[in-house]
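Here the structure is a predicted model, which means the values were calculated and not measured. Protein chains get the first letters and strands the later ones, always in sequence-line order, with residue 1 at the start of each. Scope of the values below: all heavy atoms of this structure, side chains included, with no hydrogens, waters or symmetry mates.
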Amino acid sequence: MTIRVYNTMTRSKEEFVPREPEKVAMYVCGPTVYNHIHIGNARTFLTFDIIRRYLSWRGFDVTFVQNVTDVDDKIIKRAAEEGLSAAEVAETYTREFRLAMEALDILRPSRQPLATETIPQMIHMVERLIAGGHAYEVDGDVYFSVRSFAGYGKLSGRDIDDLESGARVDVDERKQDPLDFALWKTAKPGEPRWPSPWGEGRPGWHLECSVMSEEELGLPFDIHGGASDLIFPHHENELAQSEAATGEMFVKYWMHGGLLQVNAEKMSKSLGNFMLLKDVLEAYPTPVVRLFMMQTHYRSPLEFSTDRLDEAATAYERITGPLRDLEVAKRSRARERAEAGAGDGAWATRLAKAVEDAKVRFVEEMDDDFNTAGGLAVVFGLVREMNAFIWEGPGVGAHGEHLPLLERAATAIKEPLEVLGIEITLQPVRVSEYPAEVFQLAADYAGYTGVVGTEAVDALRKARDVVRSEKNWAVADAMRDRLQALGFTVEDKPDGSHITYGR
RNA sequence: GGCGACGUCGCCAAGUGGCAAGGCAGAGGCCUGCAAAGCCUUUAUCCCCGGUUCGAAUCCGGGCGUCGCCUCCA
């Protein structure tokens, strides 16, 4: 079975054959660090985190390089607004970016060079382009000549003449062609600057991507990723720079993720309709946010809303349900029956088959251009089978003899989620998050006078079990109502009652 | 205006030639002291019109609608 990926260059799914067997070299455009990243930015980084994790899981040795663009017009603008230096702004948001990635459980890149650390290489690339007749200097600025590169437009499917007739590009008489773009800019007063053969200045277009990818990965590397709004002009220019400078093929597979939308409109900082990743993660656990994103294919647009996130939270609980039930069953031998039933063998056969099928089908789905939505459907199917086995079927069996099978089922649910980086949390409760009112309840019903949240809840559970055993339903129900009002969930299962918070 | 993507159940969403996954929400049933959880059942002539094919959500043509890019943008 081979992996197939959608290549923007050819607009079709292609068999994935890396340049070296068993090894994948990938590059994903990182952020320009002038602000916190928003949840739309995060979607793209998450997409390529999944792709990276999956390829690793499938046995490839993945080298993952991501730049940080820490010199740029927007950073300079932001610095001016805040009365800081550009370097200070960049440093702050580089740090924030890394923290946010960590909070989203995104694996760290193998290498993450800063643009400002690769200035000499960028200058060298500009020199190479000038020497090859692909760039020219005007008064300390250097421009790339789009007409000098025959392949210009091949990634985005555009034609230079069509683009010029669109003519929303600034007309600058110093350029030989309106579409020519700046590789090096003369520094204005107060701007960051580095010495160069064309005077003091700074990099223009995203040379850092061209330079870093060549330096860290070599050409052509396997996968270049980014969001679809980067196809033109960002990646088109990057491709032109690199191929014109080196004369080699730049990238084997161009992969682009779909945009996150709000009210059917692209989420973007310029439209002002964005939510910061860090704010979303304050309201929703990381696994829920990841699950939410993965329920849609990475190339499709995805509508962002808290309703959708709430639904994903419910779906997440559905997945963790049987895993939690199994843990409880292991400890308490709940769902253990007096004797084996006549149909137990058929149940076991069916679950065992479901487990094997799920493993195969997950790989099939993911091999097909990283279809996480399809892969999750497989997981949900297994969740249903496992639930049925526990609650309708033999459970753990008469003497726990079905525990190994249930463990295998649990593993078959957990492994795909691990591949997708969705952490399984069976104990979602942090004591500090309990509402303070729970102590009053515990005092009223259980005589508990301590200050430890878990103890208070446990005392309530025991007190309620006593009341229930006395069939004093009025009190038992009142306790449940009051707990639910505080945000707790009370479930009376065959092995006793469970009180959880935050579900 | 040019280039590109998309339109599948109430909502979200897989599926790119062979009987339409999955999640959320709803209805009925089972289980339960009542709930919750869980299980079972239940709802799709796949935007419209033509065409190709034994067979199309899937391919082709034409509409209608939505979104993205063409300026910084994940």
Across all strands shown, which nucleotide pairs with [N] by Watson-Crick or G-U wobble geometry, both distances under 3.5 Å?
N     : result
B/G1  : B/C70
B/U45 : none
B/G38 : B/C30
B/C9  : none
B/A57 : none

Q) Of all residues at least two apart in sequence or in a different chain, which pass the salt bridge (Lys or Arg N to Asp or Glu O under 4.0 Å) check with A/Lys185? A)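 Applying salt bridge (Lys or Arg N to Asp or Glu O under 4.0 Å) to A/Lys185 gives A/Asp73.
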
Do any N or O atoms of the protein come closer than 3.5 Å to N or O atoms of nucleotides 14-20 of chain B, and which pairs are they?
{"unit_1": "B/A14", "atom_1": "OP1", "unit_2": "A/His297", "atom_2": "N", "d": "2.7"}
{"unit_1": "B/A14", "atom_1": "OP1", "unit_2": "A/Ser300", "atom_2": "OG", "d": "3.3"}
{"unit_1": "B/A14", "atom_1": "O3'", "unit_2": "A/Asn371", "atom_2": "ND2", "d": "2.8"}
{"unit_1": "B/A14", "atom_1": "O2'", "unit_2": "A/Asn371", "atom_2": "ND2", "d": "3.1"}
{"unit_1": "B/G15", "atom_1": "OP1", "unit_2": "A/Asn371", "atom_2": "ND2", "d": "3.2"}

The side chain of [X] lies closest to which of these nucleotides: [options]?
X        : options             : answer
A/Ala315 : B/C73, B/G23, B/C34 : B/G23
A/Arg308 : B/C39, B/C11, B/G68 : B/C11
A/Ala377 : B/C73, B/G23, B/A21 : B/A21
A/Gln261 : B/C70, B/C67, B/C34 : B/C67
A/Phe380 : B/G22, B/A5, B/A37  : B/G22
A/Arg384 : B/G22, B/C67, B/C72 : B/G22
A/Arg158 : B/G33, B/G2, B/C73  : B/G2
A/Thr314 : B/C34, B/C72, B/A25 : B/A25

In whole angstrom, give the distance that lies between atom [atom1] of [X] and atom [atom2] of [N].
X        : N     : atom1 : atom2 : value
A/Arg468 : B/A36 : CZ    : C1'   : 11 Å
A/Met9   : B/G4  : CE    : P     : 15 Å
A/Phe292 : B/C11 : CZ    : P     : 17 Å
A/Tyr316 : B/G23 : OH    : P     : 17 Å
A/His498 : B/A37 : NE2   : P     : 14 Å
A/Phe488 : B/A37 : CZ    : P     : 18 Å
A/Leu271 : B/C73 : CG    : P     : 15 Å
A/Met267 : B/C73 : CE    : P     : 18 Å

Within 45° of the axis and under 6.0 Å from the centre of the six-membered ring of [Y], does NZ or CZ of [X] qualify?
X        : Y        : answer
A/Arg299 : A/Tyr6   : yes
A/Arg147 : A/Tyr152 : no
A/Lys269 : A/Tyr34  : yes

For [X] and [N], is the shortest distance between a side-chain N/O and OP1 or OP2 below 4.0 Å?
X        : N     : result
A/Arg318 : B/G38 : yes
A/His206 : B/C73 : yes
A/Lys471 : B/C34 : no
A/His234 : B/C73 : yes

Suppose you measure atom [atom1] in [N] against the same atom in [M]; what distance do you get, rounded to whole Å?
N     : M     : atom1 : result
B/C72 : B/C12 : P     : 33 Å
B/G50 : B/A56 : P     : 14 Å
B/U52 : B/C11 : C1'   : 35 Å
B/C48 : B/C40 : C1'   : 38 Å
B/G15 : B/A25 : C1'   : 23 Å
B/U58 : B/U53 : P     : 16 Å
B/G10 : B/G4  : P     : 33 Å
B/G18 : B/C30 : C1'   : 37 Å

Q: Assign each of A/Asn263 and A/Glu385 to its nearest nucleotide of RNA chain B by heavy atoms, then name whichever residue's nucleotide is nearer the 5' end.
A: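 The residue whose closest nucleotide sits nearer the 5' end is A/Glu385.
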
Q. Start at the 5' end of RNA chain B and walk down; is the nucleotide closest to A/Ser156 or to A/Ala264 reached first?
A.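 Nearest nucleotide further toward 5': that of A/Ser156.
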
Q) Stacking between A/Trp473 and the base of B/G33 (centre distance under 5.5 Å, interplanar angle under 30°)? A) yes

Q.
I need the single residue from A/Asn371, A/Thr372, A/Thr47 that forms a side-chain contact (heavy atoms from CB on, under 4.5 Å) with A/His297. Which is it?
A.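 Testing A/His297 for a side-chain contact (heavy atoms from CB on, under 4.5 Å) against A/Asn371, A/Thr372, A/Thr47 leaves exactly one candidate, A/Asn371.
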
Considering every strand and a 4.0 Å limit on heavy-atom distances, what is the contact class for [X]: base, sugar-phosphate, or nothing?
X        : value
A/Leu260 : base
A/Gly157 : sugar-phosphate
A/Asp73  : nothing
A/Leu259 : base
A/Lys74  : sugar-phosphate

Q: Considering only NZ, NE, NH1 and NH2 on the basic side and carboxylate oxygens on the acidic side, decide whether A/Asp222 and A/Arg52 come within less than 4.0 Å.
A: no

Q. Is any side-chain N of the basic residue among A/Arg290 and A/Asp49 closer than 4.0 Å to the acidic one's carboxylate O?
A.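 Salt bridge present between A/Arg290 and A/Asp49.
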
Q. Is there a donor and acceptor pair, one atom on the side chain of A/Arg480 and one on the base of B/A35, closer than 3.5 Å?
A. yes

(Q) So for atom CD, which belongs to A/Glu102, do other residues, nucleotides or ligands contribute more than 12 heavy atoms lying within a distance under 6.0 Å? (A)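 No, CD of A/Glu102 has 12 or fewer neighbouring heavy atoms, counting only those of other groups under 6.0 Å.
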
**Q.** Separation of A/Leu302 CG from A/Phe292 CZ (nearest 0.5 Å)
**A.**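 Those atoms lie 4.0 Å apart.
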
Q. Just by distance, with hydrogens left out, do A/Tyr143 and A/Arg174 show a side-chain donor and acceptor under 3.5 Å apart?
A. yes

Q: Write down the atom of A/Thr296, the atom of A/Ala373, and the distance for their closest heavy-atom approach.
A: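 Nearest pair, atom of A/Thr296 first, then A/Ala373: N-CB, 4.4 Å.
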
